[in-house]
Amino acid sequence: MSEIPENLKKDANAVIRYQETSITLDDFDLMTTYERVVITVLNRDGMSAIHPYAFYDDDSSIKEIRAFVYNSNGKVVEKFKERDFTDMSASAGDLYSDNRIKAIEYIPVKIPYTFEFISKTRSKSTAFLPQWNPSPFYGVSTEKSVYRLVNEKQVPLLTKKYNLEKFGATIKETPSLNEYIIENISATEEELMSPHYTQFSPVVKLALKQFRLSGQDVSISSWEDFGKWHNEHLLNDKGELPQETINEVEKIVAGVVDPKEKARIIYEYMQDNTRYISVQVGIGGWQPSPANEVAKLGYGDCKALVNYTKALLKTQDIESYYTIVNSGEEKRDIDEDFIAVQGDHVILTVPLENENLFLECTNQQIPFNYLGDFTDDRKVVMITENGGVVNTTKAFSPDENLQSISAKIAIREDQSIGGSLQQVSKGIMYGDRYELANIEYDKTENYYKNNWSYLNNLTISDINFDNNKKEVVFTEEISFEASSYISKAGERLLFVPNVFDRMEYIPTTKKARTQDLIIRRGKTYTDTVELTLPDGYEIEAAFEPIEMTTEFGIYTASVESINATKVKYVRNFSYLNGVYGKDKYDAFVDFINAVTKADNSKVVLTRK
């Protein structure tokens, strides 16, 4: 442990002492991958950096796998041979059973310790070359990392490098060898709302222009080539349906002329008659199950359900495109400049005359033509008959991502409050709320209690939900009671009129920001709360109208009298999506702090 440089211990939970990935290409259709990683774990949080496992399937085999554990003095205290690794399915319970994994789970007796893992695999599928990421985890530093690709046959290769010069990498690229070495990478702390790691970490991605995948030889030099291969070899002959299914589709769309409405009916038919099971995209997992198999079994993974929906639409001459996407709220684009097998998910694109419809086929509850933050606003690759085409999924504007609250509340002299609330959610906000309608009543009540934890002895009643899937609007209506909400100061009553929608999370500014600030999705919140005052009370003091306009968003709040017994609180808060320089982060925190303070502004009542 004493050999680790002090700068690598700073802010580190673990240190990668040595990391090596060596790939030997025998040809475009056969490769051997050797991996060795030595990690010193400094505390319990660092244990998550250890991944002692290797995958294999019908096209690959594990030639070597072993591990060693060293104590703080460098003495071997545990040894793991291949027989000590557990062999299990990597996709248990799924359609595909050939993907397997060998792994061990090690629970240390004492920390710190060092873990060494070695594996060697041989594969006849070469579509997926491991990428080099010498700084793969937050809170983990790297002493030395080596990536080597030996390519004696000089198979045409595509490479893309990120941030190597910034980290002083040693680069060697010849027709038969690609080698990259980096030393002394300090630990990186995860920052709120920061870019994807490829934008600031050293990364190298490699792919063969000619490769083998699941027994198929493939040559790709453009997205057009990629799409043609995908369409002709992975999707071809997968769209046949049983005649009874075709008859059912004919029946449910009888009399409907509008192609969008037909697509909606067919999509909802698919949702009602299938369920999703997870099959990870990987070697051997890029080809969907035939549509007639899904029709028979009633389930499938994302590929199978997209292909099945595509086949259903085709019965009505509605064109649609199998579409490859990177999933996740980070909005990672398909890399348009890196023409290779990418993505971890598929959706379906339906091109109409004036718009593209995007269908998420793995969620049996989601509305037609709705993409939430799982696949919104990012570049995708559509597989058409003429080849691959890069497209972009729907982006929601801040105005479309709307949460609107309307409430009527009675303020009581005994310091309690009670009343009713209606909350309407649209856009991305819809995706955050609609599943409330599917959970048990007591769990729903607990959800609200946790969400409004500052409301003492909160009781919820008359919970009603309206999930308007056609308009993609989710409405919540509840009645509530809460005690001790009002503060007393002598004869005066003090309360915060913003009962339901307070900004409570304040981002930290303890350390200097190192990355740009990204607001990925702008959102809008509107609140109108009508408050009935206790008998014999009137407003003595209320905050002046608040207005804040910044480059990050806009905030307004005000209290005004309706009549002698009622007042109205109105709040509008929107923040705007965008990329802001790291020097703007403190200003953003100041804005959030100001919003948090404004949300807790009080009103004072006194006896008449």
Geometric cation-pi criterion Lys394 and Phe396, 6.0 Å radius, 45° cone: yes
So that I can tick it off, tell me whether Glu551 and Lys584 are bridged by a salt bridge, with the cut-off set at under 4.0 angstrom between side-chain N and carboxylate O. yes
What is the distance from atom CG of Asp376 to atom OG1 of Thr392, rounded to the nearest 0.5 Å? 11.5 Å
A cation-pi test, strictly: NZ or CZ of Arg513 under 6.0 Å from the centre of the six-membered ring of Tyr585 and no more than 45 degrees from its axis. Yes or no? yes
Using ring pair (Phe, Tyr, Trp, His ring centres under 6.0 Å) as the criterion, point out the one residue from Tyr430, Tyr267, Phe358 that pairs with Tyr370. Tyr430
Taking the basic N atoms (NZ, or NE/NH1/NH2) and the acidic carboxylate oxygens, is any pair closer than 4.0 Å for Arg264 and Glu261? yes
Residue pair Thr24 / Thr32, side-chain donor-acceptor N/O under 3.5 Å: no
Holding to side chain to side chain donor-acceptor pair (under 3.5 Å), I want the full list of residues that pass it with Lys379, two or more places apart in sequence or in another chain. Glu336
Can you see whether Gln19 engages Thr21 through a side-chain donor-acceptor pair at a distance of less than 3.5 angstrom? no
Less than 4.0 angstrom from a charged side-chain N to a carboxylate O is my criterion; do Asp301 and Lys303 meet it? yes
Is it true that Glu20 and Arg148 have a side-chain N and a carboxylate O under 4.0 angstrom from each other? yes
Ring centers of Phe137, His51 separated by less than 6.0 Å: yes
Tyr580 ring center near Phe588 ring center (under 6.0 Å): no
Using distance alone, with no hydrogens and no angle criterion, decide if Gln199 and Tyr162 have a side-chain donor and acceptor under 3.5 Å apart. no
Between the side chains of Arg520 and Asp373, is the shortest nitrogen-to-carboxylate-oxygen separation below 4.0 Å, so that they form an ion pair? no
Distance-only criterion, 3.5 Å: show the donor-acceptor pairs between side-chain atoms of residues 381-389 and protein atoms not counting sequence neighbours.
residue	atom	partner	partner atom	Å
Thr384	OG1	Asn386	N	3.1
Thr384	OG1	Gly387	N	3.2
Thr384	OG1	Gly387	O	2.6

We want to know whether Thr393 and Thr375 form a side-chain donor-acceptor pair, criterion being a heavy-atom distance below 3.5 angstrom. no
Residues Lys582 and Glu191 bridged, charged N to O under 4.0 Å: no
Option from Ile23, Leu129, Leu157, Ile171 for which side chain to side chain contact (heavy atoms under 4.5 Å, CB included) with Asn178 holds: Leu157
Short N-O contact, Arg122 and Asp26, less than 4.0 angstrom: yes
